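Everything numeric here is computed off the predicted structure, so don't read it as measured data.
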2 protein chains.
Amino acid sequence: MDTVLRAELTARGIAPDCVETIGLVRDVLARVGDKWTVLIVTELASGPMRYTALHEKVSGISQRMLGHTLRALHRDGLVTRTAYPEVPPRVEYELTALGRSLAQAVDHLVLWVRAHQPAIAANREVFDTAG
Amino acid sequence: MDTVLRAELTARGIAPDCVETIGLVRDVLARVGDKWTVLIVTELASGPMRYTALHEKVSGISQRMLGHTLRALHRDGLVTRTAYPEVPPRVEYELTALGRSLAQAVDHLVLWVRAHQPAIAANREVFDTAG
DNA sequence: CAGGATCCAATCGGATACTG
DNA sequence: CAGTATCCGATTGGATCCTG
């Protein structure tokens, strides 16, 4: 998490481990909330997949962002990366147990959104037209 | 949600309402994952609060971002904004039922993070030192 | 095939100044 | 008190090119 926030929270007298948690929560939420993570994890939920397959399935993603996102997921231990020593090279990505458990946690949120999507859409409509 | 993504998903033959959901999920996750939303919602969870109080409690936030975030939350119907016709003016923000239900859904994720924080930290450690 | 490196546009977010 | 407007640096993300 970012140092500035930690300092600010600490200054407010919040317990250190609580500070740590708030920061990491935002961290994880930011990861999950970024442009591609949910789409990638959704694809991987159905099984291991190689780089190019992901690139095709997650339509519209650039190589750069696919690489960045996979690396971040790998760093956090949410996916495994397996490179087979072949020619041409083959690399497979797969959700770890941790990754699947996160996917499940995210599912709650997905369900919430599915359930309340009409309400949010309606609220926005009202807000945008009326104020 | 953004038009480009919608077009891409539609082109992949994904059902329209599914496309809508994926987009909105990312939308909501992005909102929840942004820099300040969780902190603000956490503060509001304990009851209604006025602008300045929030500005003090959510330490480090700029007026700009507090205003922007509150406006976004209000637009989605997650908080109410009540202005009292007094001098000096008084404005109170409060979570709506929808907002509280979202906060609860987010809580699942928060619990997940609390539970798996050590694992993630360890994974990052390994990744950063070893590769 | 897998993906890193570079360059650039768009967006995010902070500091400051100003208004009803 | 409760914001909005402006300016600007920082970050995000896409396009393209290059390599083992």
Side-chain angles (χ1 to χ4, degrees), chain A residues 1-5 7-8 23 26-27 29-40 43-44 48-75 79-94 127 131, chain B residues 1-5 7-8 23 26-27 29-40 43-44 48-75 79-94 127 131:
Chain A
M1 75 180 276
D2 90 79
T3 317
V4 178
L5 179 65
E8 284 158 358
R26 206 182 68 181
D27 229 51
L29 288 174
R31 157 119 327 119
V32 158
D34 81 355
K35 193 164 179 184
W36 298 109
T37 298
V38 168
L39 291 174
I40 290 176
E43 286 299 335
L44 289 178
M49 205 171 297
R50 21 202 310 198
Y51 185 87
T52 302
L54 273 171
H55 198 193
E56 285 165 2
K57 282 290 228 171
V58 182
S59 162
I61 195 173
S62 63
Q63 285 187 330
R64 176 187 150 84
M65 288 319 293
L66 180 56
H68 275 26
T69 307
L70 284 173
R71 186 182 168 86
L73 290 171
H74 184 204
R75 183 169 107 100
V79 307
T80 55
R81 177 188 181 278
T82 313
Y84 297 91
E86 305 170 356
V87 193
R90 179 164 59 100
V91 177
E92 285 200 335
Y93 292 91
E94 184 173 13
F127 187 92
Chain B
M1 75 180 274
D2 90 78
T3 317
V4 179
L5 178 65
E8 284 158 359
R26 204 182 70 182
D27 229 51
L29 287 175
R31 157 118 327 121
V32 158
D34 81 356
K35 193 165 180 183
W36 298 109
T37 298
V38 168
L39 291 174
I40 290 176
E43 286 300 334
L44 289 178
M49 204 170 297
R50 17 198 317 195
Y51 185 87
T52 301
L54 273 171
H55 198 195
E56 283 165 4
K57 283 290 227 171
V58 182
S59 161
I61 195 172
S62 63
Q63 285 187 331
R64 175 187 150 85
M65 288 319 294
L66 180 56
H68 278 297
T69 307
L70 284 173
R71 186 182 169 86
L73 291 172
H74 184 204
R75 182 170 107 102
V79 307
T80 54
R81 177 187 181 279
T82 312
Y84 297 90
E86 305 169 356
V87 194
R90 178 164 59 100
V91 177
E92 285 200 338
Y93 291 90
E94 183 173 14
F127 187 93

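- A:R71 comes within 4.0 angstrom of no nucleic acid atom, judged by non-hydrogen atoms across all strands.
- Listed by chain and number, the residues in a salt bridge (charged side-chain N to carboxylate O under 4.0 Å, His left out) with B:R31 are B:D76 (sequence neighbours excluded).
- We find that CG of B:L70 is positioned 11 Å from C1' of D:dA2, with the value rounded to whole Å.
- Rounded to whole Å, atom C1' of C:dG13 lies 13 Å from atom NE2 of B:H55.
- Checked against salt bridge (charged side-chain N to carboxylate O under 4.0 Å, His left out), B:R50 has no partners two or more places apart in sequence or in another chain.
- For residues 85-94 of chain B, the pairs satisfying salt bridge (Lys or Arg N to Asp or Glu O under 4.0 Å) are B:E86-B:R90, B:R90-B:E92, with sequence neighbours left out.
- If you take CD of A:E92 and P of C:dC1, they are 15 Å apart, rounded to a whole angstrom.
- Whole-Å rounding puts the B:I40 CD1 to C:dG13 P distance at 11 Å.
- Evaluation of the side-chain contact (heavy atoms from CB on, under 4.5 Å) rule for B:T52 yields B:E56 as partners, not counting sequence neighbours.
- Following rounding to the nearest Å, A:M49 (CE) and C:dC1 (P) show an atom-to-atom distance of 16 Å.
- Rounded to whole angstrom, the span from the OH atom of B:Y84 across to the C1' atom of D:dA2 amounts to 15 Å.
- Atoms CD1 and OG1, from A:I61 and A:T69 in turn, are 5.0 Å apart once rounded to the nearest 0.5 Å.
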task = Give the B/S/- string for nucleotides 6-20 of chain D, one per nucleotide from 5' to 3', where a protein heavy atom under 4.0 Å of the base yields B, of only the sugar-phosphate yields S, and otherwise -.
result = B------BBB-B--B

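- Residues passing the side-chain contact (heavy atoms from CB on, under 4.5 Å) test with B:R75 are A:R124, A:F127, A:D128, sequence neighbours excluded.
- Backbone-only contact: A:Y93 has heavy atoms under 4.0 Å from sugar-phosphate atoms and none from a base.
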